[in-house]
Amino acid sequence: MTAVLFDFSGTLFRVESTESWLRATLTEAAIVLPDGELAETARALELAGALPGGANPVRLPADLAGLWEIRDQSAELHRAAYTGLSRQVPLPHPGLHDTLYDRHMRPNAWSPYPDAVDVLRTLRERGVGVGVVSNIGWDLRPVFREHGLDAYVDTYVLSYEHGIRKPDARLFAVACTALDVDPREVLMVGDDRRADGGAAALGCGVHFVDHLPVAQRPDGLRPVLDLVGRPAGG
């Protein structure tokens, strides 16, 4: 393999818990909820699928179904979809729905998986190209910079910047072109079999990891190093 493409959420990084997301937002807004009410509201937001990078909606409202399918194709669609889900849950102030959305884009709302930096660094040392291919509605580059991973990424291909979302093979093709590699010599690593599995249509290899909390997946990325192998003479 001459290059590896990685998904973002659930693969290299994990977003904070829904309760942490809500608690931090309320704290900044100087709004206090009793612990029981806060936990109940967080649970309702989680069931609604309101946290990008978190759980998908348990039941998708009919009026949001069409928007949900295209949410990653622009920043505006992404915000509209997730704040629409958030608005299924009553909050102490109507402005909090947008504030919650803004919170999830902050670097401190995300944690890298424990082995992410080491795996990316090792790939760089082996001369293997690295790209990030994500279905997303905002610029994740500051997250990588804040957590020290940006130095090991050669290209970012984000759905909202191209108006295309995985599993559309065209998004993976953009990454392969940016890295100047043959797709048949590329490994795509992700947590979503449908979305990330779309790379196989180009001839890429595909490897899946489990979308687990950071503490529960300390070394899930390390098999990538064995799959890629060492360079000749390495």
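- By the salt bridge (Lys or Arg N to Asp or Glu O under 4.0 Å) test, Asp180 is found to be paired with no residue, residues two or more places apart in sequence or in another chain being considered.
- Contacts classified as side chain to side chain donor-acceptor pair (under 3.5 Å) and involving residues 134-150 (residues at least two apart or in different chains) are given here: His104-Trp138, Asp139-Arg141, Arg141-Glu161, Asp150-Tyr156.
- A salt bridge (charged side-chain N to carboxylate O under 4.0 Å, His left out) check over residues 65-78, counting only residues at least two apart or in different chains, returns the pairs Asp72-Arg165.
- Side chain of Arg170 to backbone of His162: no donor-acceptor contact under 3.5 angstrom is found.
- Between the side chain of Asp7 and the backbone N or O of Val132, no donor-acceptor pair lies under 3.5 Å.
- With sequence neighbours left out, Thr99 forms a side-chain hydrogen bond (donor to acceptor under 3.5 Å, both in side chains) with no residue at all.
- Residue pairs meeting the salt bridge (charged side-chain N to carboxylate O under 4.0 Å, His left out) criterion with at least one partner in residues 186-209, sequence neighbours excluded, are Lys166-Asp196.
- Applying the ring-ring contact (aromatic ring centres under 6.0 Å, His included) definition to pairs two or more places apart or across chains, those involving residues 26-68 are Trp68-Tyr82.
- Not counting sequence neighbours, the partners of Pro213 by the side chain to side chain contact (heavy atoms under 4.5 Å, CB included) test are Arg14, Gln216.
- Sorted by first and then second residue, the pairs that involve residues 18-32 and meet side chain to side chain donor-acceptor pair (under 3.5 Å), not counting sequence neighbours, are Glu16-Ser20, Glu19-Arg23, Glu28-Arg106.
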Atom pairs and distances, donor-acceptor, side-chain atoms in residues 40-53, under 3.5 Å, two or more places apart:
{"residue": "Thr41", "atom": "OG1", "partner": "Glu37", "partner atom": "O", "Å": "2.8"}

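- Residues passing the side chain to side chain contact (heavy atoms under 4.5 Å, CB included) test with Arg124 are Tyr152, Asp154, sequence neighbours excluded.
- Residue pairs meeting the side chain to side chain donor-acceptor pair (under 3.5 Å) criterion with at least one member in residues 84-97, sequence neighbours excluded, are Thr83-Arg87, Ser86-His97, Arg87-Asp98.
- Listed here is the closest heavy atom pair of Val206 and Gly197: CG1-CA, 4.2 Å.
- Side chain of Ser159 to main chain of Ile136: a donor-acceptor pair is present (N/O by atom type, distance under 3.5 Å, no hydrogens or angles).
- When all heavy atoms are compared, the tightest approach of Arg217 to Pro114 is O-CD, 3.6 Å.
- When hydrophobic residues (I, L, V, M, F, W, Y) are linked wherever their side-chain heavy atoms come within less than 4.5 Å, Val32 remains an isolated member.
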